[in-house]
Amino acid sequence: MEISNIIDLETITTDLQAKNKEEALSELAELLLQNGYISEIDGFMKDIYAREAEGQTGIGNYIAIPHGKSDFVNKIGVAIGVMDEEIPWETLDGNGVKGIILFAVGNDNEGAQNHLKLLSLFARKLGNDEVVEQLLQSKNEEEVKAAFVQ
């Protein structure tokens, strides 16, 4: 599993206009739906919120990685949103969030394994301050992908 194969330019927005977590997650889920990654928004969102209830997905440095395994996922993928203004989010460092990577992973055994691989791939990248800075300053989809694929 390569990060370059997971990131789809069609599921990236650098113009996320959300004012809160709910709006951000809805906008990103809509991108996943439009591009065939999920079959239904409501069920998928319910699974994401179930995971959110278990603990913070704001990892600090203005980044959140909401995720959860869901039966409504057709194929593994991510939606990435970047915004100019931070929004409130439960985070490890107490800051808000400007960059969101929403994972779409199935709820079967293969999904569970892919879930861990995907989190690990992105966590390694997001542990690098240069990657995070490049991501948050991205002005288009190509720049977002380039931040992760350097």
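The shown structure was predicted, so the numbers you read here are calculated from the model rather than taken from an experiment.
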Engineer: Phe103 and Val132: same hydrophobic cluster, using ILVMFWY side-chain contacts below 4.5 Å?
Structural biologist: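 Phe103 and Val132: one cluster.
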Engineer: With the side chain counted from C-beta on, respond yes when Glu143 and Gln134 share a heavy-atom pair under 4.5 Å apart, and no when they do not.
Structural biologist: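 In short, these two side chains do not touch, never coming nearer than 4.5 Å.
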Engineer: Could you report the tightest heavy-atom contact between Ala24 and Ala18, atom names first, then the distance?
Structural biologist: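 Heavy atoms of Ala24 and Ala18 come nearest at N-CB, 3.3 Å.
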Engineer: Starting at CG of Leu121, measure out to CD1 of Ile3 and round the result to the nearest 0.5 Å.
Structural biologist: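 Answer for the CG-CD1 pair, Leu121 versus Ile3, is 5.0 Å.
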Engineer: State whether the side chain of Thr11 and the backbone N or O of Ile7 hold a donor-acceptor pair below 3.5 Å, judged by distance alone.
Structural biologist: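 Here the side-chain-to-backbone pair does not exist.
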Engineer: Do any N or O atoms from the side chain of Lys19 and from the backbone of Ile87 form a donor-acceptor pair under 3.5 angstrom?
Structural biologist: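 Not confirmed, Lys19 side chain does not pair with Ile87 backbone.
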Engineer: Please report the interatomic distance CG(Leu31) to CD(Glu10), rounded to the nearest 0.5 Å.
Structural biologist: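 Leu31 CG to Glu10 CD: 9.0 Å, rounded to 0.5 Å.
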Engineer: So do the side chains of Ile101 and Leu126 get within less than 4.5 Å of each other, counting heavy atoms only?
Structural biologist: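 SC-SC contact between Ile101 and Leu126 confirmed.
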Engineer: Indicate yes or no: at least one non-hydrogen side-chain atom of Glu54 is less than 4.5 angstrom from one of Arg51.
Structural biologist: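 Yes, their side chains come closer than 4.5 Å.
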Engineer: Around atom NZ of Lys75, are there more than 12 heavy atoms from other residues, nucleotides or ligands closer than 6.0 Å?
Structural biologist: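 Yes, NZ of Lys75 has more than 12 neighbouring heavy atoms, counting only those of other groups under 6.0 Å.
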Engineer: Is any side-chain heavy atom of Pro66 closer than 4.5 Å to one of Leu25?
Structural biologist: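 They are in side-chain contact.
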Engineer: Is the Lys NZ or Arg CZ of Lys125 less than 6.0 Å from the centre of Phe148's six-membered ring, within 45° of the axis?
Structural biologist: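 Cation-pi check for Lys125 and Phe148: fails.
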Engineer: Starting at NZ of Lys98, measure out to CG of Asp84 and round the result to the nearest 0.5 Å.
Structural biologist: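 It is 8.0 Å, given to the nearest 0.5 Å.
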Engineer: Atom CG of Asp47 and atom NE2 of His67: how far apart are they, to the nearest 0.5 Å?
Structural biologist: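 If I round to the nearest 0.5 Å, the distance is 12.5 Å.
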Engineer: Same cluster or not: Ile65 versus Ile48, using hydrophobic residues (I, L, V, M, F, W, Y) connected whenever any side-chain heavy atoms lie under 4.5 Å apart?
Structural biologist: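 Shared cluster, no.
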Engineer: Check the hydrophobic clustering (I, L, V, M, F, W, Y; side-chain heavy atoms under 4.5 Å; chains of links allowed) and say if Leu9 and Leu16 are grouped together.
Structural biologist: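 Cluster IDs for Leu9 and Leu16 differ.
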Engineer: How long is the straight-line distance from CG of Leu136 back to CE of Met83, given to the nearest 0.5 Å?
Structural biologist: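 Reported value, rounded in 0.5 Å steps: 9.5 Å.
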Engineer: Write down the atom of Lys69, the atom of Asn107, and the distance for their closest heavy-atom approach.
Structural biologist: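 Minimum heavy-atom separation between Lys69 and Asn107: CB-OD1, 3.4 Å.
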Engineer: Quick one: are Leu32 and Val73 in side-chain contact, heavy atoms under 4.5 Å?
Structural biologist: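 No - every pair of side-chain heavy atoms lies 4.5 Å or more apart.
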Engineer: Can you tell if the side chain of Thr91 reaches within under 4.5 Å of the side chain of Asn61, non-hydrogen atoms only?
Structural biologist: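 Heavy-atom side-chain distance check fails, nothing below 4.5 Å.
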Engineer: So for atom CD, which belongs to Gln34, do other residues, nucleotides or ligands contribute more than 12 heavy atoms lying within a distance under 6.0 Å?
Structural biologist: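 Count over threshold, so yes.
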Engineer: Decide whether Tyr49 and Val105 are clustered together by the hydrophobic rule: side chain heavy atoms of Ile, Leu, Val, Met, Phe, Trp, Tyr closer than 4.5 Å, transitively.
Structural biologist: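 Shared cluster, no.
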Engineer: Could you state the interatomic distance from CG (Leu135) to OH (Tyr62), rounded to the nearest 0.5 Å?
Structural biologist: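 Going from the CG atom of Leu135 to the OH atom of Tyr62 covers 14.0 Å.
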Engineer: Should Val78 and Tyr37 be marked as a side-chain contact (heavy atoms from CB on, under 4.5 Å) after you check the CA-CA gap, both sets of side-chain angles, and the distance that decides it?
Structural biologist: CA-CA 9 Å; Val78 295; Tyr37 287 90; over 6 Å; no
Engineer: Is there a path of hydrophobic side-chain contacts, each under 4.5 Å between heavy atoms of I, L, V, M, F, W or Y residues, that connects Ile6 with Leu33?
Structural biologist: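 Shared cluster, no.
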Engineer: Can you find a pair of side-chain heavy atoms, one from Val82 and one from Ile12, that are under 4.5 Å apart?
Structural biologist: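 A side-chain contact under 4.5 Å is absent here.
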Engineer: With sequence neighbours excluded, tell me which residues meet salt bridge (Lys or Arg N to Asp or Glu O under 4.0 Å) with Glu52.
Structural biologist: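 Here the qualifying residues are Lys21.
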Engineer: Between Phe44 and Leu102, is there a side-chain heavy-atom distance shorter than 4.5 Å?
Structural biologist: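 Heavy-atom side-chain distance check passes, below 4.5 Å.
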Engineer: If you take all heavy atoms of Ala147 and Val131, which pair is closest and at what distance?
Structural biologist: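 Residues Ala147 and Val131, closest heavy atoms: O-CG1, 3.4 Å.
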Engineer: Tell me the closest heavy-atom pair linking Ile38 and Ala29, and the distance in Å.
Structural biologist: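 Minimum heavy-atom separation between Ile38 and Ala29: CD1-O, 3.5 Å.
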